[in-house]
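Read through the structure below, which is laid out as structure tokens, and then see the notes.
It should be emphasised that the depicted structure is a prediction, and the values quoted were computed from it without experimental measurement.
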Amino acid sequence: MRPLSGPVLTAAEMRAAESASGVPLQTLMNNAGYALAEAIWRFSGGQSVLILCGPGNNGGDGYVAARLLSAWGLEVAIAAICPPRTELAIAARSMWDGPVGALDHALPAPVLVDALFGTGLTRALSPEVAGSLHRLAKYAGFVIAVDLPSGVGTDDGGDFGATRADLTLALGAAKPAHLLQTGASFCGQVRIADIGIPCVSKVDILARPDLPPPGATDHKYTRGMVVVVGGAMPGAAALSATAAARSGAGYVVGIGIGGQLPHAIVRRGLDQLSVALEDKRLGAIVIGPGLGNDASGVLDRALSCPHPLVLDGDALGPDLPQRAAPTIMTPHAGEFFRTFGVIDGSKIAQARAAANRSGATIVFKGADTVIASPGGQATLCPPASAWLSTAGTGDVLAGIAGAMLARGLAPHQAACAAVWLHGEAARRAGPALIADDLLAQLPACL
């Protein structure tokens with residue numbers, strides 16, 4: 001088992017990977033069952049186990065695990081919805097020599113294993129199945145889901161009557177629902193089990209970035225010059241400018257930002273915007289935090305300049321032009337739909353469509369942040385601290401993204417680094433954080 005990381009595959013992509021691997025399906029089921037048995041053994045603490053088996057291959061994995069655990073001396077019981085229906089599941093059931101009870105008559109056990117449906121479910125659980133699953137989970141001390149909790153939509157994280165697991169064992173690779181809400185909230189801790197097939201995808205999971213410290217020949221301009229444009233709410237732009245500086249930018253200029261700023265940040269008036277935007281040493285511009293809705297002239301000048309750009313908050317909206325220079329947009333849900341309208345599909349599909357339409361890297365923020373770039377590349381982010389749901393934290397993220405662009409990272413790489421640093425700063429800041437608290441944590445995150 002390994003932590004949640006690596007590629008993310010849809011249900012169809014996982015089936016295609018299994019077929020393309022050339023590994024016999026029986027071998028894959030044996031590998032999955034062994035991985036499941038090992039996880040149950042590790043987390044059960046020697047307590048008795050009840051495995052719920054469905055009619056398909058997910059249930060087959062449960063039968064394989066039960067046989068192994070019984071041979072290892074663990075007390076195991078099985079309850080099923082119905083007899084197995086797939087060839088592999090039928091074969092796995094035939095090798096289990098213990099009784100199989102009915103799901104609706106099953107007695108609770110300290111450890112409950114949900115091997116009912118897993119991936120591929122596209123409709124609601126029946127009230128009888130959902131009720132039995134909820135009843136048994138209520139009295140279990142620990143619940144393990146095989147691949148996904150039954151009742152979670154694999155590709156979009158939809159809730160079809162799911163019951164929360166404490167641990168979800170993802171077979172082969174992560175699935176979108178392990179990270180997309182509301183499905184992710186049912187998964188508990190997610191661990192990935194290798195079942196012997198290579199998994200490749202354009203979608204992956206956010207990982208710790210590689211951000212080397214400055215070298216002996218670096219100076220303030222090689223580390224990155226960032227211009228942050230202020231507006232009606234200067235405090236928001238001040239957060240962005242300070243975040244850029246605290247994220248390693250060598251030179252930060254605040255345009256039209258009043259109030260207190262670190263002395264290291266250069267202040268200039270809005271009348272100096274054109275001069276700042278024409279500076280060939282400029283690495284990135286951040287505009288939108290606290291800009292206000294009456295600053296279209298300022299925004300137009302930023303959009304038309306040839307430098308990398310981060311657009312956030314009030315800079316986001318319909319009819320934004322495509323830019324040749326690297327661009328990152330950081331909308332929350334309201335800003336996303338205001339900018340791109342309603343887009344069908346999962347949050348991944350929505351972010352990808354927006355990226356292709358705009359030519360920008362999209363950081364679609366939320367409890368399940370999705371980063372997408374033109375061409376289909378996407379990165380899913382494990383849940384960060386829920387305390388980030390407070391004013392100004394998005395302004396901090398925009399500033400970090402500006403610093404990452406200014407140091408020369410490609411837009412997708414810069415966005416991923418910014419989101420990781422933002423989440424790590426929140427983790428270090430702890431409960432009841434305010435946006436200002438993130439600033440003090442950024443150097444330690446680097």
Counterpart residues, side chain to side chain contact (heavy atoms under 4.5 Å, CB included), relative to Ala403 (two or more places apart) = Ala244, Ser247, Ala249
Do you know which two heavy atoms are closest between Gln181 and Ala367, and how far apart they sit?
-> CG-CB, 4.1 Å
So, Asn57 and Thr86: side-chain donor and acceptor under 3.5 Å apart, yes or no?
-> yes
According to the salt bridge (charged side-chain N to carboxylate O under 4.0 Å, His left out) rule, which pairs have a member within residues 338-354, sequence neighbours left out?
-> Lys347-Asp368
Student check: side-chain heavy atoms of Leu52 and Leu136 closer than 4.5 Å = yes
Looking at side-chain heavy atoms only, is the closest gap between Pro84 and Pro55 below 4.5 Å?
-> no
With sequence neighbours excluded, give me every ring-ring contact (aromatic ring centres under 6.0 Å, His included) pair touching residues 115-151.
-> Phe43-Phe142
Apply side chain to side chain contact (heavy atoms under 4.5 Å, CB included) to the pair Thr327 and Gln322, showing each step before the final yes or no.
-> CA-CA 9 Å; Thr327 305; Gln322 280 208 9; over 6 Å; no
Are any non-hydrogen side-chain atoms of Cys305 and Arg323 less than 4.5 angstrom apart?
-> yes
Distance, nearest 0.5 Å, that separates CG of Leu9 from CD of Glu18 | 9.5 Å
Is it true that atom CD of Glu87 has more than 12 heavy atoms of other residues, nucleotides or ligands lying nearer than 6.0 Å?
-> no
Is there a donor-acceptor pair closer than 3.5 Å between any side-chain N or O of Thr27 and the backbone N or O of Val23?
-> no
Taking Arg428 for its side chain and Ala440 for its backbone only, find out whether a donor-acceptor pair lies under 3.5 Å.
-> no
Might you work through the side chain to side chain contact (heavy atoms under 4.5 Å, CB included) test for Leu4 and Ile192, ending with a clear yes or no?
-> CA-CA 6 Å; Leu4 190 58; Ile192 299 174; 4.2 Å; yes
Go through the structure and list residues passing side chain to side chain contact (heavy atoms under 4.5 Å, CB included) with Pro209, not counting sequence neighbours.
-> Leu211, Ala417, Trp420
Any salt bridge (charged side-chain N to carboxylate O under 4.0 Å, His left out) involving residues 190-216? Give me the pairs, sequence neighbours left out, ordered by first then second residue.
-> none
Find the distance between CG (Leu309) and CD1 (Ile287) and round it off to the nearest 0.5 Å.
-> 7.0 Å
Side-chain donor/acceptor of Ser358 to backbone N/O of Ala354, under 3.5 Å = yes
Would a 4.5 Å heavy-atom cut-off, applied to side chains only, mark Leu36 and Val113 as touching?
-> yes
Counting only heavy atoms not in Gln189, do more than 12 fall under 6.0 Å of its CD?
-> no
Salt bridge (Lys or Arg N to Asp or Glu O under 4.0 Å) between Asp218 and Arg407, worked out = CA-CA 11 Å; Asp218 276 314; Arg407 72 181 286 160; over 6 Å; no
Go through the structure and list residues passing side chain to side chain donor-acceptor pair (under 3.5 Å) with Arg123, not counting sequence neighbours.
-> none
Mind running side chain to side chain contact (heavy atoms under 4.5 Å, CB included) on Leu50 and Val111 for me, showing each step along the way?
-> CA-CA 6 Å; Leu50 172 63; Val111 178; over 6 Å; no
Would you please say whether a donor-acceptor pair under 3.5 Å links the side chains of Ser132 and Asp104?
-> no
Which pairs count as ring-ring contact (aromatic ring centres under 6.0 Å, His included) when at least one residue sits in residues 385-414, sequence neighbours excluded?
-> none
Check: Leu438 main-chain N/O paired with Gln441 side-chain donor or acceptor under 3.5 Å | no
Please determine which of Leu291, Thr330, Leu299, Ile328 meets the side chain to side chain contact (heavy atoms under 4.5 Å, CB included) test together with Leu311.
-> Leu299
Please examine the side chains of Cys187 and Pro149, heavy atoms only from C-beta on, and report whether any two atoms are closer than 4.5 Å.
-> yes
So the salt bridge (charged side-chain N to carboxylate O under 4.0 Å, His left out) pairs with at least one residue in residues 384-403 (sequence neighbours excluded) are none
Pick from Asp61, Ile197, Leu28, Thr119: which one makes a side chain to side chain contact (heavy atoms under 4.5 Å, CB included) with Leu171?
-> Asp61
Between Thr379 and Val370, does a side chain to side chain contact (heavy atoms under 4.5 Å, CB included) hold up when you go through it step by step?
-> CA-CA 6 Å; Thr379 297; Val370 176; over 6 Å; no
The complete set of ring-ring contact (aromatic ring centres under 6.0 Å, His included) pairs with one or both residues in residues 180-224, sequence neighbours excluded, reads Tyr221-Tyr251
Phe340 side chain near Gln350 side chain, heavy-atom distance below 4.5 Å | no
Between Trp41 and Trp72, what is the ring plane arrangement, given parallel below 30°, perpendicular above 60°, and tilted in between?
-> perpendicular
Is any side-chain heavy atom of Val64 closer than 4.5 Å to a side-chain heavy atom of Arg67?
-> yes
Criterion side chain to side chain donor-acceptor pair (under 3.5 Å) against Lys175, the qualifying member of Thr10, Thr154, Asp147 | Asp147
If you measure only the distance, is there a donor-acceptor pair under 3.5 Å linking the side chains of Asp114 and Ser150?
-> yes
Is there a side-chain contact between His178 and Thr168 (heavy atoms, below 4.5 Å)?
-> yes
What distance separates Ile348 CD1 from Leu180 CG, expressed to the nearest 0.5 Å?
-> 4.5 Å
Ala237: what forms a side chain to side chain contact (heavy atoms under 4.5 Å, CB included) with it, not counting sequence neighbours?
-> Val228, Ile257
Side chain Arg427, main chain Gly430, donor-acceptor under 3.5 Å | no
Not counting sequence neighbours, which residues clear side chain to side chain contact (heavy atoms under 4.5 Å, CB included) with Glu75? List them please.
-> Ser48
What pairs with Arg164 under side chain to side chain donor-acceptor pair (under 3.5 Å), at least two apart in sequence or on another chain?
-> none
